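Values in this document were obtained by computation on a predicted structure and should not be read as measured data. Values below: all heavy atoms of this structure, side chains included; hydrogens, waters and symmetry mates excluded.
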Amino acid sequence: METFPRIISVDDHTVEPPHVWRDRLPSKYRDTGPRIVRAPLKEMTFKGGRFAPTMGQPGDEGPLADWWVYEELRRPLTRLDTAVGYDRDEVRLEAITYEQMRPGSYSVPDRLADMDVNHVQSALCFPTFPRFCGQTFTEASDRELGLLGVRAYNDWMVEEWCGPEAGGRLIPLTLVPLWDAELAAQEVRRNAERGVRAVCFSEIPPHLGLPSIHGDEWDPFLRACDETGTVIAMHIGSSSRMPSTSADAPPAVGSTITFANCCFSMVDWLMSGKFDRFPNLRIMYAEGQIGWIPYILERADVVWEENRGWGGVADKVLNPPSELFAQHVFGCFFDDAFGLKNLDAIGVGNVLYETDYPHSDSTWPRSKEVGEEQMGHLAPDVVERIVRGNAIDLLGLTAEGLWPGSAPTTAGA
């Protein structure tokens, strides 16, 4: 490949700096809202898809770590949150401090520099402490504080992380209060007014104790996304339950089948009737990869054609699932040679590229080389669409691939 397009990554991550909620919550909440405390790690396990850390007390033995403290939650920063720059064999399940992570994880100038190293022009970033769709605030008992926490995160995301210093290269992705669909709709509209075109959502809401998408409970939120052109972005693990097979299965089992929740979720959406009711809805699956998609579409079409009468979808799913997928669904990948070999069964217009910086699966700093290796058989115009063109269209970016809500600078030019 003579030239490889500048990447627009639709799945990177930000590690929120300590001041996000300290600076943006009303003063009465600054001692009860999310805050960083340095304390020892007593114990941490990750089995059966469940992450379980235990915070020690001052003076206890154990490595020091920076912990997010919020109501009853004690959540440490971990090496898995920010693994780039470390040898794969050095990436272990351990708690760390901000000083022990790559500054690009939380600092805008350092992030832009690391994007330059990785041939990345622009990036959409999912949260860390709030978790992938804001579950942290959904699980909190104080709903007033939870809503303020969601809005504070969104204000920081738009005004600071994606602010003028980023020069349009960082693309905002916001949260909603998942416990109230009307409030969620209001937050979608509030952020759409300042140019935000993507919002986090759960891949499988019932795993969070929330309604499924098959009823009408989410309709206010879906209507707001439909009317504002806001893309619903679902990251693996946004149901707080990573796929696994047993309580004692090692993390490698879940890591191999991370796509499974995306698979279940996509079938939910295709059989929900929501795409017929809300024709402008667009959804994307971050870090779900794409190689599994062709068979699911084939099977869904067979079920719709032959079994929709007794299958409960005849009166609401009015078009074949494969057609709905082509119009409404986007798969995201960072390393999927098999999927790229079967691109014709997925659709060139339904695939987006990502780098997953700074997570342990990230292809940084070799995302360009990985892309060249896996897309070498594709025509240049197809590579252009996958690596940046589809993201530009989906997220409402400028022709240069920048977020128009932030004034561009010469950074990374």
Side-chain angles (χ1 to χ4, degrees), residues 1-5 7-11 119 124 203 231-237 243 252-271 275 282-307 317 319-356 361-363 366-395:
M1 205 172 292
E2 291 185 9
T3 60
F4 193 79
I7 298 165
I8 297 178
S9 174
V10 296
D11 171 32
H119 199 66
L124 183 81
E203 58 198 358
V231 180
I232 297 175
M234 292 171 282
H235 196 284
I236 59 167
V253 172
S255 184
T256 302
I257 56 174
T258 51
F259 70 91
N261 282 353
C262 298
C263 174
F264 299 158
S265 175
M266 191 178 83
V267 175
D268 246 0
W269 281 88
L270 293 176
M271 297 300 186
F275 294 138
R282 301 292 185 271
I283 67 174
M284 55 171 273
Y285 287 100
E287 209 171 324
Q289 313 301 339
I290 59 175
W292 53 273
I293 292 174
Y295 173 70
I296 292 299
L297 295 180
E298 177 183 289
R299 177 60 183 166
D301 276 358
V302 169
V303 170
W304 181 82
E305 184 66 38
E306 298 183 1
N307 302 327
V317 182
N319 296 284
S322 61
E323 292 184 10
L324 296 174
F325 173 88
Q327 297 167 9
H328 300 275
V329 185
F330 295 81
C332 312
F333 79 99
F334 59 80
D335 184 2
D336 193 338
F338 181 83
L340 289 167
K341 291 175 183 176
N342 294 276
L343 192 59
D344 59 336
I346 302 169
V348 172
N350 298 85
V351 175
L352 306 168
Y353 198 41
E354 59 183 54
T355 78
D356 197 29
D361 267 341
S362 177
T363 51
R366 295 190 65 255
S367 300
K368 173 178 177 285
E369 288 76 12
V370 170
E372 289 175 328
E373 292 164 5
Q374 296 192 350
M375 300 184 211
H377 64 292
L378 299 174
D381 63 318
V382 172
V383 176
E384 175 79 18
R385 289 189 66 186
I386 292 171
V387 173
R388 57 185 290 114
N390 290 336
I392 288 173
D393 293 341
L394 181 65
L395 299 172

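Side chain of His377 to backbone of Leu340: a donor-acceptor contact under 3.5 angstrom is found. Checked by atom type and distance alone, the side chain of Asn390 never pairs as donor or acceptor with a backbone atom of Leu352 at under 3.5 Å. Under a 3.5 Å cut-off, the side chain of Thr355 and the backbone N or O of Thr363 do not form any donor-acceptor pair. The main-chain N or O of Ser322 is found under 3.5 Å from a side-chain atom of Asp301 such that the two form a donor-acceptor pair. The backbone N or O of Cys332 lies less than 3.5 Å from no partner atom in the side chain of Glu287, so there is not a single donor-acceptor pair. With Trp292 contributing its side chain and Cys263 its backbone, the two residues share no donor-acceptor pair below 3.5 Å.
Side-chain atoms of Asp336 and Gln374 include no donor-acceptor pair closer than 3.5 Å.
Note: Ile386 CD1 to Ile290 CD1 = 7.0 Å, rounded to the nearest 0.5 Å. Atoms CD1 and OG, on Ile236 and Ser255 in that order, are 8.0 Å from each other to the nearest 0.5 Å. Separating the CZ atom in Phe4 from the CD atom in Glu372 is a distance of 6.0 Å, to the nearest 0.5 Å. Distance check: Asp335 CG to Glu354 CD gives 10.0 Å after rounding to the nearest 0.5 Å. Expressed to the nearest 0.5 Å, how far CD of Glu203 lies from NE2 of His235 amounts to 9.5 Å. Taken from CG in Asn261 to CG in Asp268, the straight-line distance is 11.0 Å, to the nearest 0.5 Å.
In this structure, the side chain to side chain contact (heavy atoms under 4.5 Å, CB included) partners of Val303, at least two apart in sequence or on a different chain, are Met271, Arg299, Asn307. Partners of Arg366 by salt bridge (Lys or Arg N to Asp or Glu O under 4.0 Å), not counting sequence neighbours, listed by chain and number: Glu373.
Taking the side chain as every heavy atom from C-beta outward, Ile7 and Tyr353 approach each other to under 4.5 Å. Considering only heavy atoms from C-beta on, Ile293 comes within 4.5 Å of Phe325 through its side chain. Side chains of Met234 and Trp269 form a contact here, defined as non-hydrogen atoms less than 4.5 Å apart. No side-chain heavy atom of Gln327 sits under 4.5 Å from any side-chain heavy atom of Asn319. With a 4.5 Å cut-off on side-chain heavy atoms, Val317 and Leu324 count as touching.
For the salt bridge (charged side-chain N to carboxylate O under 4.0 Å, His left out) condition, the pairs that include at least one residue of residues 378-390, sequence neighbours left out, are Glu384-Arg388.
In this structure, Ile346 and Asn350 approach most closely via the heavy-atom pair O-OD1, 4.0 Å.
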Going through the checks in order, is the side-chain contact (heavy atoms from CB on, under 4.5 Å) test met by Lys368 and Val387?
CA-CA 10 Å; Lys368 173 178 177 285; Val387 173; over 6 Å; no
Please report the C-alpha distance between Arg282 and Asp393 in whole Å, then the side-chain angles of each, then the deciding distance to 0.1 Å, and finally whether the side-chain contact (heavy atoms from CB on, under 4.5 Å) criterion is met.
CA-CA 12 Å; Arg282 301 292 185 271; Asp393 293 341; over 6 Å; no
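Using a 30° and 60° split on the angle between ring planes, His328 and Phe275 fall in the parallel class, below 30°.
Checked against the 6.0 Å centroid criterion, the rings of Phe330 and Tyr285 do not qualify as a close aromatic pair.
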